[in-house]
> 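There's a structure below that I have some questions on.
Just so it is clear, the structure is predicted and the values come from calculations on it, not from any experiment. What you see below is based on every heavy atom in this structure, not just the backbone, and it leaves out hydrogens, waters and symmetry mates. So you know, we letter chains A, B, ... as the sequences are listed, proteins then strands, and number each from 1.
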Number of protein chains: 2
Amino acid sequence: MASSVAELISGRMGEMPAGERRAAQTLIANYPLIGLKTVADFSQQAGVSSPTILRFVSRLGFHNYPEFQAALQDELAAQLQSPLSRTSVRPTPDQGKTSPVIEATLQNIRETFRHVSDKQIRDIVALIARPRSTIFLIGGRFTDPVARYTAAHLTIIRPNVFHLTGQESTWRDRLIDMGKRDVLLIFDIRRYQDSLLRLAEKAHARGVEIVLVTDQWLSPIARFARHVIAGRTAVPSAWDSSAALFVVAEALIGEATRELETESARRIREMEELR
Amino acid sequence: MASSVAELISGRMGEMPAGERRAAQTLIANYPLIGLKTVADFSQQAGVSSPTILRFVSRLGFHNYPEFQAALQDELAAQLQSPLSRTSVRPTPDQGKTSPVIEATLQNIRETFRHVSDKQIRDIVALIARPRSTIFLIGGRFTDPVARYTAAHLTIIRPNVFHLTGQESTWRDRLIDMGKRDVLLIFDIRRYQDSLLRLAEKAHARGVEIVLVTDQWLSPIARFARHVIAGRTAVPSAWDSSAALFVVAEALIGEATRELETESARRIREMEELR
DNA sequence: CAGACGCTGTAATTTATGATACGTATTTTT
DNA sequence: AAAAATACGTATCATAAATTACAGCGTCTG
């Protein structure tokens with residue numbers, strides 16, 4: 001079972017007539033992007049007619065052109081997810097023999113921050129650092145600890161930070177305290193929890209600014225969120241990894257601390273004195 | 001002159017209405033492949049209608065959808081051309097590479113696992129997976145969330161997992177339940193907490209096997225611990241980073257799950273049925 | 001509270017894309 | 001060298017995709 005389209009091609013290049021071979025060569029030379037464009041583009045680039053392209057694709061075993069494009073996209077998706085697994089590039093310089101799960105985790109963190117812009121972080125931090133707003137935090141079954149971690153730090157650098165804890169009914173009642181100036185920071189990865197969605201919906205209805213940290217498949221809460229950060233969670237293990245979300249949380253904490261530098265320094269000093 | 005589409009998006013995300021922002025978030029989360037599919041696919045994935053996608057694209061400054069796709073393809077082409085420049089061809093080229101704090105975090109994780117031997121992990125997992133023992137978990141001010149996270153997972157794959165929560169007096173009383181067969185998993189980084197040290201000492205006196213996950217300066221609890229894992233926590237920020245500890249926890253969870261594969265599968269199945 | 005504005009989805013419209021039929025050219029075979 | 005078979009391109013068709021028009025809805029504003 002040939003896995004990649006490129007493999008398929010090199011396997012059957014021999015049996016192909018001249019025109020189709022030109023198509024094959026063009027595709028390999030611009031792999032795989034030319035295959036994602038239209039048949040017309042592809043045919044022009046290859047210097048053949050569009051039916052030739054279609055025959056070529058059909059010879060590869062695909063029933064129609066979109067099916068062929070879907071295969072290319074899937075490959076590309078897999079490649080972009082884990083750049084290190086590319087067959088062409090195998091840099092492994094000194095990172096040597098850490099376990100695959102750890103490597104995947106590191107890659108997830110990197111990849112996550114590739115998709116998060118500075119501006120996004122700054123915008124969220126601006127919300128978090130806004131002195132007059134109250135901040136509520138909550139997470140799902142496995143991510144709630146990350147929410148707690150974040151809360152533990154934020155509560156030191158600024159007032160009015162509350163982690164929504166305990167029974168669902170308990171924090172549902174806290175909705176009454178939330179208003180337009182306030183911020184709800186939610187961590188939610190699949191399988192997404194209905195209870196969190198309901199909370200987000202109601203909070204949104206009250207005008208609360210919702211910040212969502214989720215996985216790359218986006219929790220349905222994204223619908224109500226002002227800001228969404230999508231972290232990578234896939235690792236070769238029975239569980240998803242929340243490490244990337246954890247690092248996102250640390251990044252937010254770090255930036256918020258810098259933002260609130262003077263105030264937080266004062267708070268910390270006062271706290272020390274209270275011991 | 002904004003070069004990348006991702007950059008464009010993060011620049012204008014703020015001015016966008018809710019629906020278009022959802023589109024933006026979905027695109028960023030699956031960058032850039034979802035943008036190469038059809039408008040219908042994109043809209044469905046984002047949970048909005050196709051006109052919203054078109055308006056979103058138009059707001060980014062493109063005159064039509066194909067033009068937008070062409071821009072994405074050009075980016076992708078540049079990226080695929082020189083795989084090694086993946087890190088340099090970034091959505092936000094203004095910061096060069098990932099922020100120093102993130103880089104330090106990644107380095108910490110890697111460094112941590114360089115010093116942790118497979119045997120160490122295996123020994124600890126053997127303890128955790130021992131069916132007859134009860135497992136208690138606890139952490140310090142900032143690391144307790146990591147303990148909770150670990151507990152949340154372990155409690156799924158095996159019985160008798162307890163996170164020591166609430167007041168110090170509460171968990172001190174749980175000491176009475178701890179015996180020689182049991183395991184106490186402690187997370188503690190500086191500034192080390194006296195309360196945890198006292199707990200560890202007493203548990204040790206009762207013959208409990210203590211596993212300590214700490215920072216590289218080793219919590220005093222190490223004196224009582226059967227196994228110690230020292231993670232790196234230093235980052236250029238106001239706070240220490242617990243990310244390495246978090247990944248250590250995930251590694252333990254992952255290995256324990258594999259170890260208890262058959263039993264945990266059965267438990268998970270039963271749990272599903274109980275819904 | 002009424003009116004205006006802006007956002008969003010449904011449905012109709014237009015565009016362009018993939019697929020097919022057929023005739024011509026090219027190669028292969030005897 | 002002639003006939004057969006295969007390959008290829010032109011022109012046409014069907015269909016799927018992008019686009020536009022419009023109406024409903026919610027949200028701010030005076």
> Among C:dT8, D:dA17, C:dA19, which nucleotide sits nearest the side chain of B:Glu20?
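Nearest listed nucleotide: C:dT8.
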> Is it the case that the side chains of A:Asp188 and A:Ser219 hold a donor-acceptor pair, with the cut-off being a distance below 3.5 Å and no angle test?
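There is such a pair between these side chains.
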> Let me spell it out: for each of A:Tyr65 and B:Ser49, pick the nucleotide of DNA chain C with the closest heavy atom. Which residue's pick is nearer the 5' end?
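That would be B:Ser49.
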> How long is the line joining CD of A:Gln44 and P of C:dT17, in whole Å?
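Distance, rounded to whole Å: 12 Å.
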> Using heavy-atom distances to pick each residue's nearest nucleotide on DNA chain C, tell me which of B:Pro66 and B:Glu15 is more 5'.
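Result: B:Glu15.
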> Hey, do the aromatic rings of A:Trp171 and A:Phe136 have their centres closer than 6.0 Å?
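Between A:Phe136 and A:Trp171, which both carry aromatic rings, the centre distance is not below 6.0 Å.
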> At under 4.0 Å between heavy atoms, what does B:Pro17 touch on the DNA or RNA strands: base, sugar-phosphate, or nothing?
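Sugar-phosphate contact only - B:Pro17 comes under 4.0 Å of backbone atoms but never of a base.
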> For A:Leu36 and C:dT17, what is the distance between atoms CG and C1' respectively, to the nearest whole Å?
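It works out to 15 Å between those atoms.
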> Tell me yes or no: between the side chains of A:Thr165 and A:Arg148, is some donor less than 3.5 Å from an acceptor?
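A:Thr165 vs A:Arg148: donor-acceptor pair found between side chains.
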> Can you check the B:Glu67 CD to D:dT19 C1' distance for me, whole Å?
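Going from CD in B:Glu67 over to C1' in D:dT19 covers 15 Å.
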> Rounded to whole angstrom units, what separation is found between the CG atom of B:Asn64 and the P atom of D:dT19?
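Those two atoms, CG and P, are 5 Å apart.
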> A:Arg21 has an atom CZ; how far is it from atom C1' of C:dT26, in whole Å?
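From A:Arg21 CZ to C:dT26 C1': 15 Å.
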> On the nucleotide C:dG9, are OP1 or OP2 found under 4.0 Å from the side-chain N or O atoms that B:Thr52 carries?
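Answer is yes, contact under 4.0 Å.
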> Should the pair A:Phe42 and A:Phe68 be assigned to parallel (<30°), tilted (30 to 60°) or perpendicular (>60°) ring geometry?
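Parallel.
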> Taking the side chain as every heavy atom from C-beta outward, state whether A:Val183 and A:Arg130 have any atom pair closer than 4.5 Å.
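In contact.
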> Can you tell me the distance, in whole Å, between the CE atom of A:Met16 and the P atom of C:dT27?
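Taking atom P of C:dT27 as the reference, CE of A:Met16 is at 19 Å.
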> Roughly how many Å is it from CD1 in B:Ile53 to C1' in C:dC7, rounded to a whole number?
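Spelled out: CD1 on B:Ile53 to C1' on C:dC7 is 14 Å.
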> Assess whether one donor atom and one acceptor atom, taken from the side chain of B:Arg55 and the base of C:dG9, lie less than 3.5 Å apart.
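In this structure, the two groups form a donor-acceptor pair.
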> Kindly point out which of D:dC8, D:dG9, C:dG18 is positioned nearest to the side chain of A:Pro51?
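Of all the options, the side chain of A:Pro51 is nearest to D:dG9.
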> Could you check whether A:Glu250 and B:Ser241, counting side-chain N and O atoms only, form a donor-acceptor pair closer than 3.5 Å?
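B:Ser241 vs A:Glu250: donor-acceptor pair found between side chains.
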> So, A:Arg232 versus A:His115: side-chain donor-acceptor pair below 3.5 Å or not?
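Note: A:Arg232 and A:His115 side chains meet the donor-acceptor criterion.
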> Taking five pairs at each end, how big is the angle between the two axes of the helix from C:dC1-D:dG30 to C:dT30-D:dA1, to 10°?
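For the helix from C:dC1-D:dG30 to C:dT30-D:dA1, the axes at opposite ends meet at about 20°.
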> When you measure from the side chain of A:Val39, which nucleotide among D:dA18, C:dG18, D:dA11 comes out closest?
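Nearest nucleotide to the side chain: C:dG18.
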> Nearest whole angstrom, please: distance from the C1' of D:dT27 to the CZ of A:Arg206.
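These atoms are roughly 18 Å apart.
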